[in-house]
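Report on the following structure.
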Protein chains: 2
Amino acid sequence: MSVDTQQAPRPRAGRTVAGRRRLRGALTRAAIDLFLERGYDTTTVDDIAAAAGVGRRTFFRYFRSKEDAIFPNHDELLVDIERRLADSDDERDPVETVCDAVRLVLDFYLRDPEVSLKRYALTRTVTSLRDKEVASVDRYQRVFTRYLRARFQAAGDPLAEMRAPIAAAAVAAAHNHVLRQWLRGDGAVDAHALADQAFATVRLAHSPATPGEPGDRTVVAVLRTSAPAPEVAERITKALARNPHDDAR
Amino acid sequence: MSVDTQQAPRPRAGRTVAGRRRLRGALTRAAIDLFLERGYDTTTVDDIAAAAGVGRRTFFRYFRSKEDAIFPNHDELLVDIERRLADSDDERDPVETVCDAVRLVLDFYLRDPEVSLKRYALTRTVTSLRDKEVASVDRYQRVFTRYLRARFQAAGDPLAEMRAPIAAAAVAAAHNHVLRQWLRGDGAVDAHALADQAFATVRLAHSPATPGEPGDRTVVAVLRTSAPAPEVAERITKALARNPHDDAR
DNA sequence: CTTGCTAGTGGCACTCCGTGCCGTTAGCAT
DNA sequence: ATGCTAACGGCACGGAGTGCCACTAGCAAG
């Protein structure tokens, strides 16, 4: 009521892009810490907003829902990914391109281990948070599927429609596996190396490769029908890899 | 107030298992139809309950949330799946076993095309419903992952930890692809045939196969390094398939 | 038949989420 | 200094989901 009530005249964070980012980050940290301390459903949005020094209404200008508070801005990451895919070299293996793109996400998590670890503890524990996480993974997966379908079709694969979503799911799963191992490993895991391995596995299984490349050679693989498929795949790759022109990571 | 207010003295549906099932089905149908007619968020839980002739409170005894109303009972399906996996023949290809298990889900949807189609229309349109759907897929995927990890490890695959979630994701994606094609195809798609094809693709990419099987032969594959991987895979499978002992679907 | 027990039901009240609305105010430009 | 703009905070409202409890249908025992 009174005009001169003395209350903190904080500057308006949202005026600049950097300001918005800062406040968003503060809210996320507050949410994560409160959820871990007091439990997810015993923490109200009011609590989070108060902890970040803003009003409840403002919270919902930064996050669509209470669950969203702990997650990175996937919308931004998604446009990065889509740009990366759109700008990609059409000569390259499409699955490799997608693997490269998903590294953007991996790197994002790796950049802030503190928050990533806490978030992981929450998504493991709280069902609704895990569901949100899974939903966001699905959005990436859809983008990958669209890209791969177009590329597979362009390459004349009659099963493009089927292979695209399967390959996209495999890439997403590989990424999730790497991230999870890293989160559990407590610093002992080299995420990038593990990613190399995981993506190589996926490419081996799902890459179409482009025909008629330079360095085209003929190899002869001798196999036993009962050999484990991964072993077969490994041997063949090794054979194919003795190809000087390809130094894919 | 008055004791003799004349109101429908419906029998209590939930006394028997069949009764519970019936009421659950009625609620699901009511929810789906109302969501399609009036839109998801302009339909309240009260509306759904009233349409099914029960109280709002009862609705929440059958479904955890408003979103859940349109979905089949995944909990029941999940125990079926887990039992199927637990009872599976350990001699068989684990990926094949999982593919077989996921057919239980596929068949479930196929059994009621009417409802499945309407549900699909909703999950395509309403974000929160799609998210729920995706979350349930993830639960199946986790079960598959656990099973595959154990089997891969038992087979001595050092990369079991990595291959399991990737293969599980591929199987789930294959299933989703088949289901989606069937839902879009308006009866023109043979879901089982498509599933055979999709699962064959997945097995080709992710099956470890067991060594030392009867009918073990040696095949020679002649390949060009630049050949598309699917083509390579196809040729090799063909070669390996000339194996009389294996009549996998 | 009567009595008691059990379990599903429905109503009530409550908390909290998410949103529309609006007055207020910081920060900027003119 | 004066307006303009856009974020902010408060308020109120509808609806989701839950705990509580009285009620009653259906069953079991006497």
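These values consider heavy atoms only, across backbone and side chains, with no hydrogens, waters or symmetry-generated copies. Here is how names work: the chains are called A, B, and so on, in the same order as the sequence lines, proteins then strands, and each is numbered from 1.
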Worked check of side-chain hydrogen bond (donor to acceptor under 3.5 Å, both in side chains) between A:Y147 and A:S88: CA-CA 10 Å; A:Y147 173 79; A:S88 71; 3.0 Å; yes
Working for side-chain hydrogen bond (donor to acceptor under 3.5 Å, both in side chains), residues B:Y109 and B:R119: CA-CA 10 Å; B:Y109 284 109; B:R119 186 189 294 119; 4.9 Å; no
Test log, rule salt bridge (charged side-chain N to carboxylate O under 4.0 Å, His left out), inputs A:R111 and A:D107: CA-CA 6 Å; A:R111 217 172 294 142; A:D107 286 338; 5.6 Å; no
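Between A:R84 and A:D100 no salt bridge is recorded (no basic side-chain N to carboxylate O distance below 4.0 Å). Between A:E133 and A:R124 there is no salt bridge, since none of the side-chain N atoms of the basic residue sits less than 4.0 Å from a carboxylate O of the acidic one. Between A:E161 and B:R180 there is no salt bridge, since no side-chain N of the basic residue sits under 4.0 Å from a carboxylate O of the acidic one.
With a 6.0 Å cutoff to the six-membered ring centre and a 45° limit on the axis angle, A:K66 does not count as a cation-pi contact of A:F59.
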Dot-bracket summary - DNA chain C, pairs being Watson-Crick or G-U whose distances fall under 3.5 Å, with | when paired to another strand: ||||||||||||||||||||||||||||||
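Among the nucleotides C:dT19, D:dG17, C:dC21, the one closest to the side chain of A:R61 is C:dC21. Side-chain atoms of B:R57 lie closest to D:dC20 of the nucleotides C:dC17, D:dC8, D:dC20.
Checked against the 6.0 Å centroid criterion, the rings of B:H175 and B:Y140 do not qualify as a close aromatic pair.
Residue-to-nucleotide contacts include no donor-acceptor pair under 3.5 Å from the side chain of B:R56 to the base of D:dG15.
Using a 4.0 Å cut-off on heavy atoms, the residues of residues 44-51 of chain A that approach DNA chain C are A:T44, A:V45, listed by number. Of the residues in residues 122-132 of chain B, none has a non-hydrogen atom less than 4.0 angstrom from any atom of DNA chain D.
Between C:dG8 and B:Y62, no contact under 4.0 Å exists linking OP1 or OP2 to a side-chain N or O.
Scored by the salt bridge (charged side-chain N to carboxylate O under 4.0 Å, His left out) test, B:D33 finds B:K118 as partners (sequence neighbours excluded). Under the salt bridge (charged side-chain N to carboxylate O under 4.0 Å, His left out) criterion, A:D80 pairs with A:R83, not counting sequence neighbours. In this structure, the side chain to side chain contact (heavy atoms under 4.5 Å, CB included) partners of A:T43, at least two apart in sequence or on a different chain, are A:L34, A:F35, A:R38, A:D47, A:I48.
Among the heavy atoms of the strands lying under 4.0 Å from B:T43 are primed sugar atoms or P, OP1, OP2 only; no base atom is included.
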